[in-house]
Protein chains: 2
Amino acid sequence: MANEDQRADLLWGSRNKPARPPRLALTVDRIAGAAIEVADAEGMASVSMQQVAARLDVTKMALYRHVASKAELVAVMIESAVGEPPNLRTVPGGWRPRLVTWADLMRETWQRHPWLPAATTGERMTGPREVGWTESAVAALTDTGLDGGERMDAVFLLSGHIRNTQSAETAGTQPWTAEKHLREILQEHRERFPALHEAAQSTNGAPRDNGWEFGLNRILDGLEVLIKGRRPNRAR
Amino acid sequence: MANEDQRADLLWGSRNKPARPPRLALTVDRIAGAAIEVADAEGMASVSMQQVAARLDVTKMALYRHVASKAELVAVMIESAVGEPPNLRTVPGGWRPRLVTWADLMRETWQRHPWLPAATTGERMTGPREVGWTESAVAALTDTGLDGGERMDAVFLLSGHIRNTQSAETAGTQPWTAEKHLREILQEHRERFPALHEAAQSTNGAPRDNGWEFGLNRILDGLEVLIKGRRPNRAR
DNA sequence: TCGATCTGTGTCTATCGTACACCTTGTGTC
DNA sequence: GACACAAGGTGTACGATAGACACAGATCGA
């Protein structure tokens with residue numbers, strides 16, 4: 001009986017709207033994918049269990065069958081979004097071009113998923129891919145004469161710069177990056193902030209990259225000073 | 001009658017527990033102060049209208065008589081916590097010692113209020129004191145030959161480093177700063193992350209400052225390279 | 001065919017920011 | 001001195017959040 005109904009449905013139109021839609025099984029990957037879609041489109045703040053569930057046409061509680069908590073979901077999102085860490089051993093020219101390549105790749109990834117900076121803060125679970133990216137960068141500094149702590153500090157410095165420049169979160173941190181609103185305030189109180197006002201004047205029209213190139217070059221120059229000083233014989 | 005009761009209270013014990021406690025008037029400053037206390041003690045995540053109100057022995061809705069929104073409250077907290085920006089003109093030795101002084105002062109402030117990094121992210125209202133700190137640093141770079149954009153990028157780079165190293169938020173960003181838990185994972189998968197593992201080995205026991213000194217010196221060295229190249233004649 | 005095991009649903013609670021209708025209380029005016 | 005009014009604090013309500021827990025339907029092995 002029910003069987004016959006189903007057949008009739010199949011014959012007369014249920015192909016477009018099946019009685020029981022052959023819903024794809026919920027999996028961690030599908031959930032993470034939906035969450036990433038939400039985050040890409042509307043930002044990390046919109047990633048709630050309900051939003052993600054709605055996108056999968058499912059109850060929010062269903063997600064908890066596959067994911068222990070929202071924190072775990074975010075962790076899976078991150079691992080999925082960062083992708084496989086790069087292999088820099090094929091990049092010629094030593095540590096500096098390798099770090100530049102690494103930074104560019106990381107920047108690309110973070111631009112593709114602007115929510116990554118916001119998601120990768122605070123105490124959280126860290127996945128193998130994320131650690132792999134760090135491994136890549138630390139490995140690029142192997143022959144530099146820097147000790148372990150210095151190598152890790154250098155990578156932290158560099159990735160921190162990427163975070164700061166890429167993050168929509170920290171973008172509003174400095175007066176000149178913010179809205180016109182703040183520019184107006186600066187204009188209005190220019191006698192109170194003369195150096196800022198003057199600096200802002202002499203930079204109008206310049207293509208702003210949030211200080212990305214500038215900071216990257218400063219950091220690498222600073223590392224180079226240290227590294228050259230560390231192995232004075234084979235310098236260059 | 002009621003009057004007599006009150007008098008009796010006054011005579012016989014109400015001095016310790018007055019019938020109507022002479023509650024301090026609610027003011028923006030008192031609210032911000034209470035909020036800062038909560039944030040200092042329990043972190044930014046615990047700063048809710050109810051928590052703050054409870055500390056003042058008042059309903060959460062009472063706060064809205066003095067503050068338009070939570071965002072505004074946070075803005076006032078920040079302005080109050082950062083304090084007056086420093087005057088660096090008295091610091092001798094040129095731009096570099098001035099920036100070091102500025103960075104140290106900023107670091108002190110942020111250590112006193114560990115929630116500041118978390119609070120000063122994202123789109124938000126910026127107050128005059130906060131802008132004043134930036135003004136200080138930009139002013140320190142006046143005679144360096146850097147153009148306006150470069151001066152601002154340099155300050156952004158430096159303050160970003162402070163944010164990254166001071167922030168409890170980004171502290172867990174790198175594998176080695178995190179809990180033993182992650183250290184164990186690193187130990188367990190050491191064949192997968194050889195460079196990280198080796199670097200972690202050769203740094204054990206070293207006093208960790210989250211890369212603060214290292215990054216500061218690299219950034220300043222990098223700036224020095226640029227500045228010296230910018231004014232080759234009066235180099236020093 | 002009959003359980004057992006998955007997997008998704010529905011209902012519930014606590015907490016969040018905040019809107020809105022009160023009520024109380026101190027103050028200025030007639 | 002009575003009274004109206006405004007300022008400031010209270011109580012209730014709403015929608016959104018994360019998540020606990022009991023249940024229902026399907027699927028699969030014995």
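Throughout, protein chains are lettered first and strands after them, A, B, ... in sequence-line order, and every chain is numbered starting at 1.
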Asker: By nearest nucleotide on DNA chain D, pick out whichever of A:M61 and A:Q50 is the more 5' one.
Answerer: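 Checking each residue's closest nucleotide, the 5'-ward one belongs to A:Q50.
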Asker: Can you find a pair of side-chain heavy atoms, one from A:I185 and one from A:F193, that are under 4.5 Å apart?
Answerer: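 Sidechains of A:F193 and A:I185: no contact.
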Asker: Salt bridge check, A:E198 against B:R151: does any charged N sit closer than 4.0 Å to a carboxylate O?
Answerer: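 Looking at A:E198 together with B:R151, the answer is yes, because their closest N to O distance falls below 4.0 Å.
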Asker: Tell me which residues in residues 34-47 of chain B put a heavy atom below 4.0 Å from DNA chain C, sorted by number, or none.
Answerer: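 Only B:V47 qualify.
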Asker: What nucleotide, of D:dG19, C:dT18, D:dT10, holds the atom closest to the side chain of A:Y64?
Answerer: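 Minimum distance to the A:Y64 side chain belongs to D:dG19.
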Asker: The side chain of A:V58 is closest to which nucleotide in this list: C:dT9, D:dT10, D:dG19?
Answerer: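 So the nucleotide nearest the side chain must be C:dT9.
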Asker: Less than 4.5 Å apart, any side-chain heavy atom of A:R218 and any of B:I219?
Answerer: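 A:R218 vs B:I219: side chains apart.
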Asker: Between the base of C:dT18 and the side chain of B:K60, is there a donor and acceptor pair under 3.5 angstrom?
Answerer: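 Donor-acceptor pair under 3.5 Å: yes.
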Asker: Would you find a donor on one side and an acceptor on the other, under 3.5 Å apart, between the side chain of B:N164 and the backbone of A:G160?
Answerer: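 Yes: the side chain of B:N164 pairs with the backbone of A:G160.
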Asker: How long is the span from the CE atom in A:M106 to the CG atom in A:L116, to the nearest 0.5 Å?
Answerer: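 Rounded to the nearest 0.5 Å, the CE-CG separation comes out at 8.5 Å.
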Asker: Does a nitrogen or oxygen in the side chain of B:T59 sit under 4.0 Å from OP1 or OP2 of D:dG9?
Answerer: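 False: B:T59 side-chain N/O out of range (4.0 Å or more) of D:dG9 OP1/OP2.
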Asker: Does a side-chain N or O of B:H66 approach OP1 or OP2 of D:dG9 to a distance below 4.0 Å, or not?
Answerer: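 Yes, such a contact exists.
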Asker: Do A:E72 side-chain atoms and A:V67 backbone N/O form a donor-acceptor pair below 3.5 Å?
Answerer: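 Side chain of A:E72 to backbone of A:V67, a donor-acceptor pair under 3.5 Å: no, none is there.
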